[in-house]
Amino acid sequence: MNQLENRYLKAKRALFIKAYSQKLNPEQSRAVFTTEGPLLVLAGAGSGKTTVLVNRIAFIIKYGDAYFSDAVPDFTTEADVLALENAINMTPSEISQILPEFIHRPCPPWQVLAITFTNKAAREIKERLSRTFDDATVTDAIWAGTFHSVCMRILRKYGERLGYRDGFSIYDTDDQKRLITICMKELSIDEKRLAPKAVANAISRAKDRLITPDEFEITHDPRTRDILKVYKLYEKKLMEYNAVDFDDIIMKTVELLTCDAEVREYYQSKFKYVLVDEYQDTNHAQFVLTELLSGKHRNIMVVGDDDQSIYRFRGATVENILNFDKTYPDSTVIKLEQNYRSTENILNAANAVIGHNDDRHAKRLWCDKGEGEKIVLREAYDQHDEGRYIIDKINRAVSNEGRKYSDFAILYRVNELARSLETSFTKSGVPYRVLGATRFYDRKEIKDVVAYLSVVSSPFDNLRLKRIINEPKRKIGAATVEAVEEIANLEGTSMYSVLSRAYEYTALAKSADKLSDFVRMIEKIKSEHTLPSEIMSALFTETGYEAMLKAEGFEGEGKIDNVKEFISAAIEYEKRCEEVDALPTLSGFLEEISLISDVDKYDEGADAVVLMTIHAAKGLEFPVVFLAGMEDGIFPSQQNMADPAEMSEERRLAYVAITRAKEKLYITYAKNRTMYGRTNYGILSSFVREEIPTTLIMRDMPRREPPRSAATNHYTRPTPPTYRREYLSELNRPSEILRPTVQKSKASSFGVEQLPVGTRVNHTAFGDGEILNAKEMGGDVLYEVKFDTGVTKRLMATFAKLRKI
DNA sequence: GGGCGTACACTTTTT
DNA sequence: GTGTACGCCC
């Protein structure tokens with residue numbers, strides 16, 4: 001390389017860094033500009049990982065590999081180089097005017113693939129990119145999606161090469177367990193000796209590791225023999241039913257890319273740049289998948305934090321991130337250690353805990369935010385006392401410090417803790433939402449509608465057919481269904497095919513009318529409608545499902561509302577398709593709803609406290625975090641306390657929990673806790689007791705102990721918060737707040753204004769509803785409100801800011 | 001074939 | 001404490 005070329009490259013690099021890294025720190029800039037070759041970015045919690053991902057994609061699309069390629073344009077002259085060298089003194093905007101003229105080698109957006117774990121993360125990347133590119137077609141062309149959605153896109157296109165037929169179904173863990181139970185029955189394997197759940201888990205772990213039934217190892221444990229038998233039959237049935245489970249979505253895509261050279265070549269050429277988020281949580285199958293997809297150009301960038309690997313129980317292997325530099329000896333490794341989220345006290349606590357783990361990439365988070373407040377530790381008498389304490393702290397901060405309810409998150413190790421917390425919240429009237437407790441798509445009525453849709457979409461789906469063939473009751477009993485299944489097995493056809501020819505079989509003579517009616521009904525709906533929402537509406541009424549729910553009365557009404565909400569989700573899906581000029585299809589809609597989770601729907605806009613597990617909170621941040629149930633046996637979990645590898649994972653989970661907090665962290669634990677109907681005595685978690693330095697902690701002592709009536713479920717009013725004027729205006733709520741003023745409620749002997757039964761009201765968290773019942777209680781009013789979402793809540797007037805509509 | 005009563009299970013769960 | 005799954009009986 002001659003002198004001129006050297007100067008050219010040097011000047012170019014300096015300029016790019018100056019022009020494009022204004023908002024980035026030096027490590028972040030390096031990660032953005034290192035576009036070529038394998039790159040590992042170790043991004044600590046809150047270190048601006050998404051910023052790097054988004055900027056890097058934008059940089060690649062705008063400038064491609066120009067910057068780091070050693071190519072020097074032919075036209076480079078002494079004058080060009082001088083111009084570049086002089087440009088270093090220019091302002092960034094002046095530079096950006098000059099640069100594109102010199103070096104401009106954009107990468108087409110469809111050559112970029114960004115893989116995340118959650119839809120939320122994918123959506124965030126797309127949203128931030130759309131702010132960079134005015135042209136929506138650019139953002140739409142980038143493949144940014146979850147592992148599963150990316151693979152489904154490939155499978156929908158080439159799945160037929162593996163034997164899948166149009167409209168194949170996606171089985172969730174519930175369907176998977178059902179099918180495994182069916183297989184075990186067929187194989188006469190005793191469910192008492194071998195739990196279907198354990199088999200499901202074993203098969204999932206095998207698929208995570210790309211182990212086919214042929215490669216499945218039988219150990220000295222006799223149960224592995226049975227597991228293998230089930231695995232084989234399960235696979236056979238999945239194929240027959242034209243269905244994949246969640247693990248198949250990855251595994252079958254790997255199989256396709258491995259075995260089909262044409263498909264592999266197509267995608268390997270297509271994806272010039274591959275970016276993988278949350279790499280520490282990838283399993284072996286996902287590791288191989290990313291290897292395959294990036295195999296040709298080798299421009300693979302992985303971002304992650306080995307300290308935040310918390311899905312080992314689902315097959316994630318931290319080794320993928322720990323060994324990346326060994327897998328790719330020519331890789332670049334960049335560490336992001338500056339944290340932009342939390343204060344020093346919080347970070348030091350997190351660092352202290354995670355420091356007890358070995359076998360990790362050494363790194364230490366730092367920040368320039370200052371010490372901040374100490375971590376508040378509170379011992380509660382029991383779970384009710386714990387709930388009251390948390391609510392009291394929230395109410396005080398909302399009244400006195402100008403906090404919003406949405407500034408608070410309550411995190412816990414197990415969903416079970418949400419139960420008692422929810423009771424406390426309902427009584428207090430503080431708006432709250434529980435994430436992940438009962439998932440919308442896990443509701444029976446929704447799953448039934450999905451089953452109907454699956455039958456319409458794919459006639460081979462026997463599992464879903466069996467779910468709804470007699471729901472609502474059509475007098476088609478288990479014996480008939482079994483006979484149909486047997487015929488289908490003998491003929492090698494689907495049950496639906498047998499149903500459509502029911503009169504041909506003497507064995508079905510008695511029920512042939514009913515079976516034919518069923519098929520005729522499905523076929524009629526199929527022929528009359530094409531839009532998912534129309535099919536759903538037709539199914540809902542014509543199958544008699546709606547009538548069945550109506551007959552259920554009160555509870556059925558809620559279910560009807562849920563189905564209607566589900567239908568509106570389909571309408572929204574159709575609208576979205578229209579926007580991008582795509583055809584709305586039933587299988588497309590079914591795919592979308594199969595691959596969506598609760599956290600994806602977490603709406604940061606609503607002003608309500610959010611309750612969720614630590615797992616669900618990963619990737620999120622909150623000004624104030626309460627870490628509840630911090631007792632040995634709960635966190636760390638009893639089951640994991642003996643195993644060092646599991647303890648490391650618990651510790652990483654604690655690290656994730658602590659680093660969610662931006663300004664203030666509360667840790668609470670209860671001396672007595674009733675769980676699953678049993679009361680246990682608890683002591684403070686060893687993570688706090690032994691690992692967080694006491695200098696970072698301030699103990700908040702209860703005023704008296706034990707609190708009066710703490711053991712009973714009695715409601716004790718928290719200190720009445722004084723609401724500031726500004727608070728009301730902040731909420732931008734012009735209409736009257738239907739809450740007695742503090743003065744009024746103190747003067748309880750005069751009673752409080754009580755809304756008549758039947759009044760329509762609005763609640764910040766639960767939406768609109770109707771008052772079912774109103775009862776005076778201790779100078780306050782306890783309302784029972786049925787919300788339009790179907791839930792009925794009991795709320796105290798003083799705290800539930802109900803607004804008359 | 002449907003309804004009711006009694007066991008039993010119950011970490012975490014991005015998809 | 002609560003939800004679900006299965007078995008028994010009508």
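Both backbone and side-chain heavy atoms feed into the values below; hydrogens, waters and symmetry mates do not. Chain letters run A, B, ... following the sequence lines, proteins first, then strands; residues in each count from 1.
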**Student:** Provide, to the nearest angstrom, the distance between the CD atom belonging to Glu422(A) and the P atom belonging to dG1(C).
**Tutor:**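 Rounded to the whole Å, the gap is 17 Å.
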**Student:** Side chain of Glu191(A) only, please: which of dT14(B), dC6(C), dG2(B) is the nearest?
**Tutor:**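 Looking only at side-chain atoms, Glu191(A) lies closest to dC6(C).
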**Student:** For the residue pair Arg651(A) / Asn357(A), report whether a side-chain donor-acceptor contact shorter than 3.5 Å exists.
**Tutor:**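 Side-chain D/A pair, Asn357(A) to Arg651(A): present.
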**Student:** Are Glu319(A) and Thr317(A) close enough that a side-chain donor and a side-chain acceptor fall under 3.5 Å?
**Tutor:**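 Side-chain D/A pair, Glu319(A) to Thr317(A): absent.
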**Student:** At less than 4.0 Å, is any side-chain N or O atom of Thr173(A) found next to OP1 or OP2 of dT13(B)? Yes or no.
**Tutor:**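 The answer is no; no side-chain N or O of Thr173(A) sits under 4.0 Å from OP1 or OP2.
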**Student:** Establish, yes or no, whether a centroid distance under 6.0 Å links the rings of Phe687(A) and His356(A).
**Tutor:**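 No; His356(A) has its ring centre 6.0 Å or more from that of Phe687(A).
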**Student:** What is the distance from CZ of Phe147(A) to C1' of dT13(B), rounded to the nearest Å?
**Tutor:**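 Going from Phe147(A) (CZ) to dT13(B) (C1'), I get 17 Å.
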**Student:** Is it the case that the side chains of Tyr234(A) and Asp245(A) hold a donor-acceptor pair, with the cut-off being a distance below 3.5 Å and no angle test?
**Tutor:**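 Their side chains do contain a donor-acceptor pair, which is all the 3.5 Å distance test asks for.
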**Student:** Classify Tyr311(A) by what it touches in the nucleic acid, base, sugar-phosphate, or nothing, heavy-atom distance under 4.0 Å.
**Tutor:**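 If one applies the 4.0 Å heavy-atom cut-off, Tyr311(A) turns out to touch a base.
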**Student:** With the threshold set at 4.0 Å, does a side-chain nitrogen-carboxylate oxygen contact exist between Asp382(A) and Arg673(A)?
**Tutor:**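 Not counted as a salt bridge, because no side-chain N and carboxylate O are separated by less than 4.0 Å.
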**Student:** Within 90° of 0 counts as syn, otherwise anti: where does dT11(B) fall?
**Tutor:**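 Base orientation relative to the sugar is syn.
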**Student:** Can a donor-acceptor pair be found between the side chains of Asn672(A) and Tyr681(A) at a distance below 3.5 Å?
**Tutor:**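 Per modelled atom types, Asn672(A) and Tyr681(A) side chains form no pair under 3.5 Å.
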**Student:** What nitrogen or oxygen pairs link the protein and nucleotides 8-11 of chain B at under 3.5 Å?
**Tutor:**
{"from": "dT11(B)", "atom 1": "OP2", "to": "Tyr676(A)", "atom 2": "OH", "distance (Å)": "3.2"}
{"from": "dT11(B)", "atom 1": "O4", "to": "Asn640(A)", "atom 2": "OD1", "distance (Å)": "3.4"}

**Student:** For atom NZ of Lys444(A), is the number of surrounding heavy atoms from other residues, nucleotides or ligands below 6.0 Å larger than 12?
**Tutor:**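 For Lys444(A), atom NZ is crowded (more than 12 foreign heavy atoms under 6.0 Å).
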**Student:** Given His615(A), which partner from the list Phe117(A), Tyr412(A), Phe313(A) fulfils the ring-ring contact (aromatic ring centres under 6.0 Å, His included) test?
**Tutor:**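 The ring-ring contact (aromatic ring centres under 6.0 Å, His included) with His615(A) is passed solely by Phe313(A) among Phe117(A), Tyr412(A), Phe313(A).
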**Student:** Could you tell me how far apart Arg178(A) (CZ) and dC6(C) (C1') are, to the nearest whole angstrom?
**Tutor:**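 Answer to the nearest Å: 13 Å.
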**Student:** Calculate the interatomic distance between Asn680(A) atom CG and dG1(C) atom P; express it in whole Å.
**Tutor:**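 Spelled out: CG on Asn680(A) to P on dG1(C) is 14 Å.
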**Student:** In whole angstrom, give the distance that lies between atom CG of Leu411(A) and atom P of dT12(B).
**Tutor:**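 The answer, rounded to whole Å, is 15 Å.
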**Student:** Return the value, rounded to whole Å, for the distance between atom NE2 of His148(A) and atom P of dT14(B).
**Tutor:**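 About 11 Å, once rounded to whole Å.
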**Student:** Starting from P on dG1(C), measure out to NE2 on His384(A) and report it in whole angstrom.
**Tutor:**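 Nearest whole value for this atom pair: 11 Å.
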**Student:** Hey, does Asn470(A) reach any base, or is it just sugar-phosphate, or nothing, if we go heavy atoms under 4.0 Å?
**Tutor:**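 Counting heavy atoms under 4.0 Å across all strands, the contact made by Asn470(A) is with sugar-phosphate only.
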**Student:** For nucleotides 2-4 of chain C, list the nitrogen or oxygen atoms of the protein found under 3.5 Å from its nitrogen or oxygen atoms, one pair per line.
**Tutor:**
none

**Student:** For Arg474(A) and Thr613(A), find the nucleotide of DNA chain B closest to each by heavy atoms; which residue's nucleotide sits nearer the 5' end?
**Tutor:**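 Closer to the 5' end of DNA chain B: Arg474(A).
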**Student:** Find the distance Leu435(A):CG to dT13(B):C1' and express it as a whole number of Å.
**Tutor:**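 Distance, rounded to whole Å: 13 Å.
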**Student:** Under 3.5 Å, sequence neighbours excluded: what are the donor-acceptor pairs made by side chains of residues 184-191 of chain A?
**Tutor:**
{"from": "Glu186(A)", "atom 1": "OE1", "to": "Lys237(A)", "atom 2": "NZ", "distance (Å)": "2.9"}
{"from": "Asp190(A)", "atom 1": "OD1", "to": "Lys192(A)", "atom 2": "N", "distance (Å)": "3.0"}

**Student:** Mind checking if Thr116(A) touches a base, just sugar-phosphate, or nothing, with heavy atoms under 4.0 Å?
**Tutor:**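 Thr116(A): no heavy atom of the nucleic acid under 4.0 Å.
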**Student:** Between Phe566(A) and Phe589(A), is the ring centroid distance below 6.0 Å?
**Tutor:**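 Under 6.0 Å, so yes.
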